[in-house]
Amino acid sequence: MKKTEGKKSRRISFSLTAKFVLGLCIAGLCIMVSTAFVGVATYWNSIVEQYNGTAYQVARTAEGYFEPEELAAYADAVSRYSTGRAEKAEIDRITESERYRQIKGQLDKLRAAMEANDIFVFVFDMDVLRNFSQDAYDKMEWNPLYYISDSYHIEGAQLKMGDRGSILQEYVEDCIRAYETGVPADNDFISKGEFGYNTSAMYPVVQDGKTIAFIGVEIPMATLQAAVTAYLTQSFLAGSAVTLLLLLVILWVLGRTLIVPVKQVADAAKQFVTNENRISGNLEKICTGDEVQMLAESVLKMEKDINEYIVNLTSVTAEKERIGAELNVAAQIQANMLPSIFPAFPDRKEIDIYASMAPAKEVGGDFYDFFLVDEDHLALVIADVSGKGVPAALFMVIAKTLLKNRAQMGESPGEILENVNNQLCENNEAEMFVTVWLGIYELSTGRLTAANAGHEYPAVKRAGEGYSLLKDRHGFVLAGMEDMKYQEYEIQLRPGDAVFVYTDGVAEATDAKETLFGTDRMLQALNDCQDAAAQETVEHVGQRIGEFVGNTAQFDDITMLCLINRNTVTEGKERGTVDERDNA
């Protein structure tokens with residue numbers, strides 16, 4: 001295990017170094033490329049301007065070889081020839097004249113001296129030039145110029161006076177503008193041919209304010225290309241040397257100020273994990289004065305905090321386990337205090353009773369109870385203490401005990417609530433209270449006498465009709481105020497009739513959208529199984545609540561109790577009669 005971790009640590013350290021080396025190499029490469037790009041662009045533009053200026057200077061020199069009237073005459077002859085107003089014989093006389101040959105020889109010498117590819121003198125057919133056609137250009141049928149003289153550097157490829165020629169498409173607009181204004185174009189005419197890059201001059205010859213001809217000069221830029229290649233090579237070699245030197249210096253500096261300290265931090269963290277949280281002394285020795293030192297100090301503090309936290313966590317965990325064990329005991333005690341054996345009265349076939357309580361925490365504040373006061377009277381209690389958890393559970397134990405003691409003394413529901421209320425108000429510094437519904441059911445007659453201390457409305461089912469809420473008159477909650485009076489009322493339960501009581505945790509159960517389950521859904525669930533036994537009724541309502549809330553955490557205790565009259569003969573008041581009487 002230790003050997004594997006050591007290899008992993010070395011790999012991480014090497015990876016950090018590799019990242020720095022790779023980053024520096026990329027940065028150096030970017031610097032070299034950007035520097036070379038800027039340098040080449042600047043160098044290229046400078047040399048192009050120089051070459052272009054040379055080309056125009058050659059054109060102006062070539063213009064000086066012609067007498068003004070000569071060039072005008074030559075241009076006029078070619079223009080007339082191009083429109084059919086002059087015969088080929090006139091052109092031949094000019095080209096065979098001594099003067100034309102002299103000028104042609106001078107142009108050839110100038111081209112050779114300037115190492116130009118071509119020096120040519122021509123006139124434009126402006127109608128053709130202005131009506132440029134891409135289709136004709138592609139078919140090589142677009143020829144807007146007529147040669148006066150051509151000094152192309154390849155013998156046999158030179159054009160004669162009157163021959164037609166073409167120019168590059170990108171020159172068209174500039175040539176039209178130069179013809180109309182008599183001013184050379186500002187653009188640098190750069191083209192690439194079979195002999196490499198060339199720069200061209202299109203120089204307009206102006207006489208009496210009118211452009212009569214053009215002198216074109218084409219100079220190869222092989223020297224420029226060679227210079228650019230040499231510049232790039234030198235830049236790459238120099239940049240590589242500088243980058244390598246900087247890389248070594250930066251690696252040395254970073255190794256001392258970053259990589260080594262970071263590795264020490266990583267080793268200290270690994271040692272802390274593998275050696276049972278033992279803190280390394282190397283962290284205190286890192287004094288780089290930057291973020292690495294801050295990292296080392298933070299890791300050191302974290303290790304100390306973790307050790308302290310583990311000590312506290314051990315203590316807290318032990319205490320929590322103790323409290324959890326005590327809460328489990330308390331939950332078991334609370335569960336044992338509630339009737340949990342069903343059927344509760346196997347020998348009493350005249351009733352069917354079932355109840356359940358699901359606390360929101362380990363222990364709850366809700367409770368239910370039912371017990372025989374005598375052979376013919378059954379006490380029913382359901383209650384909800386304010387709050388939750390241990391305080392509510394303790395208050396629940398007190399309230400349940402007092403209610404049962406008073407009921408077993410033979411008191412009526414109103415008297416029980418009144419006396420218990422006064423007892424709970426004594427020394428109630430926690431200001432807790434409890435809502436209670438309490439009933440005394442007479443087994444022989446089916447008559448239920450009940451009182452309500454601020455609790456939920458009970459649901460009563462008449463045989464063959466279904467459940468509905470009985471909106472009884474509420475008294476004040478117990479432990480809220482001394483000397484309160486509670487009114488009683490009676491319900492006559494016929495065979496098949498039932499009463500269902502519950503705490504507010506049923507109606508207030510919420511789903512993920514915070515929608516309440518509500519009493520309407522509760523009544524619907526009850527009526528879906530209105531002929532079921534008491535246990536099935538309570539479990540069905542609980543199932544519907546569970547389906548409604550889904551995975552939402554339970555917010556409140558949920559307690560339900562159902563009593564069904566199974567007696568075949570009952571005596572008492574007419575069905576549905578409710579009688580309220582004041583015990584005051």
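Residues: numbered from 1 along the sequence shown.
For the residue pair I558 and G505, the shortest heavy atom distance occurs at CG1-O, 3.7 Å. Contact record, Y146 with V78: CB-CG1, 3.3 Å, taken as the closest heavy-atom pair. Shown here for G165 and Y147, the closest heavy-atom pair between the two residues is CA-CE1, 4.0 Å. Listed here is the closest heavy atom pair of P204 and T211: CB-CG2, 3.9 Å. When all heavy atoms of A213 and A75 are compared, the pair lying nearest together is CB-CB, 4.4 Å. Nearest heavy atom pair, residue T552 against residue D511, reads OG1-C, 3.4 Å.
Looking at Q524 and D528, their side chains never bring a donor and an acceptor atom within 3.5 Å of each other. For the 3.5 Å distance criterion, the side chains of T503 and D384 fail to qualify, holding no donor opposite an acceptor. Side-chain contact annotation: Q543 with E547, donor-acceptor N/O pair under 3.5 Å present.
Contact annotation: the side chain of D174 never approaches that of M202 to less than 4.5 Å [non-hydrogen atoms, C-beta and beyond]. In this structure the side chain of T61 reaches within 4.5 angstrom of the side chain of Q57, judged on heavy atoms. A heavy-atom distance below 4.5 Å is not found between the side chains of Y74 and S149. Side-chain contact check for Y81 versus V123: every heavy-atom pair is 4.5 Å or farther apart. Counting heavy atoms from C-beta outward, I119 and Y65 have side chains that stay 4.5 Å or more apart. F66 has its side chain within reach of V121: a pair of non-hydrogen atoms, C-beta onward, lies under 4.5 Å apart. With a 4.5 Å cut-off on side-chain heavy atoms, K104 and S151 count as touching. You'll find the side chain of T95 stays beyond 4.5 Å of the side chain of K160, heavy atoms only.
In summary, E180 and R130 engage in a salt bridge, as defined by a charged side-chain N under 4.0 Å from a carboxylate O.
Of the residues listed (D504, V506, T510), the one engaging E508 in a side-chain contact (heavy atoms from CB on, under 4.5 Å) is D504, and it is the only one. Paired with E63 under the rule side-chain contact (heavy atoms from CB on, under 4.5 Å), one option of V205, V206, V58 passes, and it is V205.
Q207 contributes no side-chain N or O that, together with a main-chain N or O of I212, makes up a donor-acceptor pair within less than 3.5 Å. Side-chain N or O atoms of Y179 include none that pairs as donor or acceptor with a backbone N or O of M126 at under 3.5 Å. A donor-acceptor pair under 3.5 Å is absent between the side-chain atoms of R544 and the main chain of L526, judged by distance alone. In terms of modelled atom types and a separation under 3.5 Å, the side chain of D118 and the main chain of Y152 share a donor-acceptor contact. In this structure, S166 contributes its side chain and W142 its backbone to a donor-acceptor pair below 3.5 Å.
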(message) With side chain to side chain donor-acceptor pair (under 3.5 Å) as the criterion, how do S97 and R99 come out once you've worked through the C-alpha distance, each side chain's angles and the decisive distance to 0.1 Å?
(response) CA-CA 5 Å; S97 67; R99 177 58 181 163; over 6 Å; no

(request) Please step through side chain to side chain contact (heavy atoms under 4.5 Å, CB included) for the pair Q554 and V549, ending with a clear verdict. (result) CA-CA 8 Å; Q554 182 178 336; V549 301; over 6 Å; no

(request) Might you work through the side chain to side chain contact (heavy atoms under 4.5 Å, CB included) test for K139 and D135, ending with a clear yes or no? (result) CA-CA 6 Å; K139 294 179 180 179; D135 183 61; 3.4 Å; yes

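In this structure, F122 and F124 have perpendicular ring planes: the angle between them is above 60°, well past the 30° mark.
The CG atom of L159 sits 13.0 Å away from the CD1 atom of I148 when rounded to the nearest 0.5 Å. In this structure, NE2 on H153 lies 10.0 Å from CD on Q158, to the nearest 0.5 angstrom. Interatomic distance, NE2 of H540 versus CD1 of I545, reported as 10.5 Å (0.5 Å rounding). To the nearest 0.5 Å, atoms CD1 (I176) and OH (Y171) are separated by 15.0 Å. Annotation: the span from E70 atom CD to I103 atom CD1 amounts to 4.5 Å, rounded to 0.5 Å. Note: L129 CG to E173 CD = 8.5 Å, rounded to the nearest 0.5 Å.
Other residues, nucleotides and ligands contribute at most 12 non-hydrogen atoms within 6.0 Å of the CD atom of E98. Crowding of E170 atom CD: a count of heavy atoms from other residues, nucleotides or ligands under 6.0 Å exceeding 12. The environment of D138 atom CG is dense: over 12 non-hydrogen atoms of other residues, nucleotides or ligands sit within 6.0 angstrom.
F517 pairs by the ring-ring contact (aromatic ring centres under 6.0 Å, His included) definition with F548, not counting sequence neighbours.
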